[in-house]
Amino acid sequence: MDYVSHLSCINCEKTYPAEPDRYLCPDCGEEGLLEVEYDYQKIASSWSKAELAAEKDRRIWRYGPLLPVESSTRRPPLRVGDTPLYQSPDLARELGLENIWLKDDGLNPTGSLKDRASAIAVVKALEAGARVVACSSTGNAASSLAGNAASLGGLLETVIFVPERAPGGKLVQLLIYGATVVSVQGTYEETYFLSRDAINKWGWYNRNAGINPYQVEGKKTSVLEMAEQLDFNLPDWLVFSVGDGCTIAGAWKALQDLREIGFIDRVPRLLGVQAEGCAPITEAFYSGEELKVTEENTVADSIAVGNPRNYKKAIRGIKRSQGEMVNVSDEETYEMMRLLGRTAGIFGEPAGVAGLAGIKKMVDRKEIGSRDEVGFVVTGNGLKDIDNARQAAGRVIEIEPDLELLTQTFAKKGIIKDE
Ligand SMILES: *Cc1c(COP(=O)(O)O)cnc(C)c1O
Ligand SMILES: [Zn+2]
C-alpha cells in the first residue's frame, strides 16, 4: 500500500486511515461508503507503462501500485484476471456495429468477475489478522470468496449465509470449496442481517461489497486489464450489467486511475444495463431522486438486487463519464445468450450477457453510433446456471438410432440439403 493515501467518505468527505477492516464512515452509517484514495503523483513518478509491460505476473497483482494491498501479504495462488479479450465482427454486425471487444471474465477461476474482488478480500482478511471471511449472497460473490479462501490452504475459513430459496446449483460450488453454508429460513433481508450480526459477534472479515471499500478496487482490474490489452486505446463505450453497482463503479475508478497517472487521456462513456424486472439504479439515475427499493423479478439473478448498497458510487461514475443507463427484458437477455454463443463461442450467464441487449437497444436508438467502438465484459460463465440457460437454448433433436430416420429428419428440418 505504498500508494494508498487514505479512505474518504463519499457522503461527508471525512477521511480515515486505510485500515483493512474499516468499512463505513462511522458518522454516516450505511450512507457513508468509503472510497480508497491514491497518491497519483507518486504513482505517476515511479511507475510506467514499460515497467507494467515487463511485469511477469499476468494476474491482477501486476497492477500493484493501483491496488490497496500490502506488497508483503500472501496472495491467493489462483489465476485471477488475465482473461482474454476478443474482437467479434459477426456479433458486432448483428448488433449494428462495426466493432465490439469482448472480455470473457467467465474464465476467472470460479467463473465470474467477482474473483477479482474476492482475491482482494482474502488478502485484506489476512492483513486484518482474520481467520474467517464471511458474506451473505447466493451467487458469484460467495463462490469466488470460498474459492479464493480455499486456495490459501487452510489459512482462512469461509462462512456464507444464503436465504433458503437459494438455487441448489449455486450451493454446490460453495460446498465443494469447503465453505460453511448457512441456509437461513427467512427472506434475503433477514439473511443479510443475520450475517451482519454474526460478523459483528465473532469479528469475521466482511466481504459484503456494498460496504467493503476494497471490493471496488478489485473489480476495477477488469478495465485496467482491458486498457492494457488495447495498448491504452480504450473504446468509445464500456458496457456493464449492473446489480449492486460495484462493478460499474469499479470501471469508473479504473478510468479515473488511468487518467490521473497519465496512462490514458480519453475516457470512454459508461453504459449501465439493468433488467426491467429489477432496475432501481436506472430509475434513480434518471429521476435524480433517492433510490426506491424494488422487487427482484428477473432471470438474471446476479443482477437481481432490489436494494443495491453501492448505487451512489455507480451513478456518480456513470454521470461523470457522460454515460447512460438502459433496461432490458429477460427475453432480450435470452436472445443475447444465444447470439453470443453462436457468433462468438462464449457461454455467458444471464446477468453476464444482459448488457449486450442494452448495447443493441442503444444502437437501435442511435445513441450508440454504428461506428462507435464498444467494449463489453461478459461477467459470468453460463455453466453456473444451467436451468436458465436451458430456457434460452432451444431443443435437441430426439431420435431413435436409425440413419434413415436421421436423414429424413435432417431433410425436414433443412439441416442437410440434398446433394
Ligand atoms: C455481480 C455480478 C454483476 C453485477 O455487478 P454489481 O457489482 O453487482 O453491479 C454482473 N454480472 C455478474 C455475472 C455478476 O456476478
Ligand atoms: Zn461520512
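- How far CG of Asp105 is from NZ of Lys219: 11.0 Å, rounded to the nearest 0.5 Å.
- The pair Lys360-Glu94 does not meet the salt-bridge criterion, since no charged nitrogen lies less than 4.0 angstrom from a carboxylate oxygen.
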Start with the C-alpha gap between Arg74 and Leu155, add the side-chain angles, then the distance that decides, and say whether side chain to side chain contact (heavy atoms under 4.5 Å, CB included) holds.
CA-CA 10 Å; Arg74 253 179 91 168; Leu155 274 184; 3.5 Å; yes

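- Between Ser321 and Pro268, every side-chain heavy-atom pair lies at or beyond the 4.5 Å cut-off.
- Between the CZ atom of Arg75 and the OG atom of Ser151 there is a distance of 12.5 Å, given to the nearest 0.5 Å.
- One finds no salt bridge joining Glu367 and Lys361 here, because no Lys/Arg side-chain nitrogen approaches an Asp/Glu carboxylate oxygen to under 4.0 Å.
- No cation-pi contact links Arg196 to Phe161, judged by a cut-off of 6.0 Å to the six-membered ring centre and 45° from its axis.
- In this structure, NZ in Lys220 is found 14.0 Å from OG1 in Thr247, a value given to the nearest 0.5 Å.
- Under the side-chain contact (heavy atoms from CB on, under 4.5 Å) test applied with Asp257, the options Ile43, Leu66, Val223 reduce to a single match, Leu66.
- Residues Arg371 and Glu98 are paired through a salt bridge, judged by an N-O separation under 4.0 Å between the basic side chain and the carboxylate.
- Partners of Ala393 by side chain to side chain contact (heavy atoms under 4.5 Å, CB included), not counting sequence neighbours: none found.
- With a 4.5 Å cut-off on side-chain heavy atoms, Leu238 and Val374 do not count as touching.
- Contact check for Ile315 versus Leu291: no side-chain heavy atoms found under the 4.5 Å cut-off.
- Side chains of Tyr334 and Gln391 form a contact here, defined as non-hydrogen atoms less than 4.5 Å apart.
- Applying the side-chain hydrogen bond (donor to acceptor under 3.5 Å, both in side chains) rule to pairs touching residues 262-271 yields Asp236-Arg266, sequence neighbours excluded.
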query = Going through the distances and angles, do Ser8 and Glu37 end up as a side-chain hydrogen bond (donor to acceptor under 3.5 Å, both in side chains)?
reply = CA-CA 7 Å; Ser8 69; Glu37 306 281 0; 2.6 Å; yes

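- When side chains are defined from C-beta on, Tyr16 counts as touching Pro26, because their heavy atoms get closer than 4.5 Å.
- For the pair Phe240 and Val273, the minimum side-chain heavy-atom distance is 4.5 Å or more.
- Counting heavy atoms from C-beta on, the side chains of Gln41 and Glu260 never come closer than 4.5 Å.
- Around NZ of Lys49, the count of heavy atoms belonging to other residues, nucleotides or ligands within 6.0 Å exceeds 12.
- The side-chain heavy atoms of Ser222 and Arg116, taken from C-beta on, include a pair separated by under 4.5 Å.
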Review point. Could you walk me through whether Thr83 and Asp104 pass the side-chain hydrogen bond (donor to acceptor under 3.5 Å, both in side chains) check?
Key: CA-CA 6 Å; Thr83 60; Asp104 188 3; over 6 Å; no

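- The ring-ring contact (aromatic ring centres under 6.0 Å, His included) contacts involving residues 273-316 comprise nothing, where partners must be two or more places apart or lie in separate chains.
- Note on ring orientation: taking the six-membered ring where Trp is involved, the planes of Phe263 and Trp47 are parallel (angle under 30°, cut-offs 30° and 60°).
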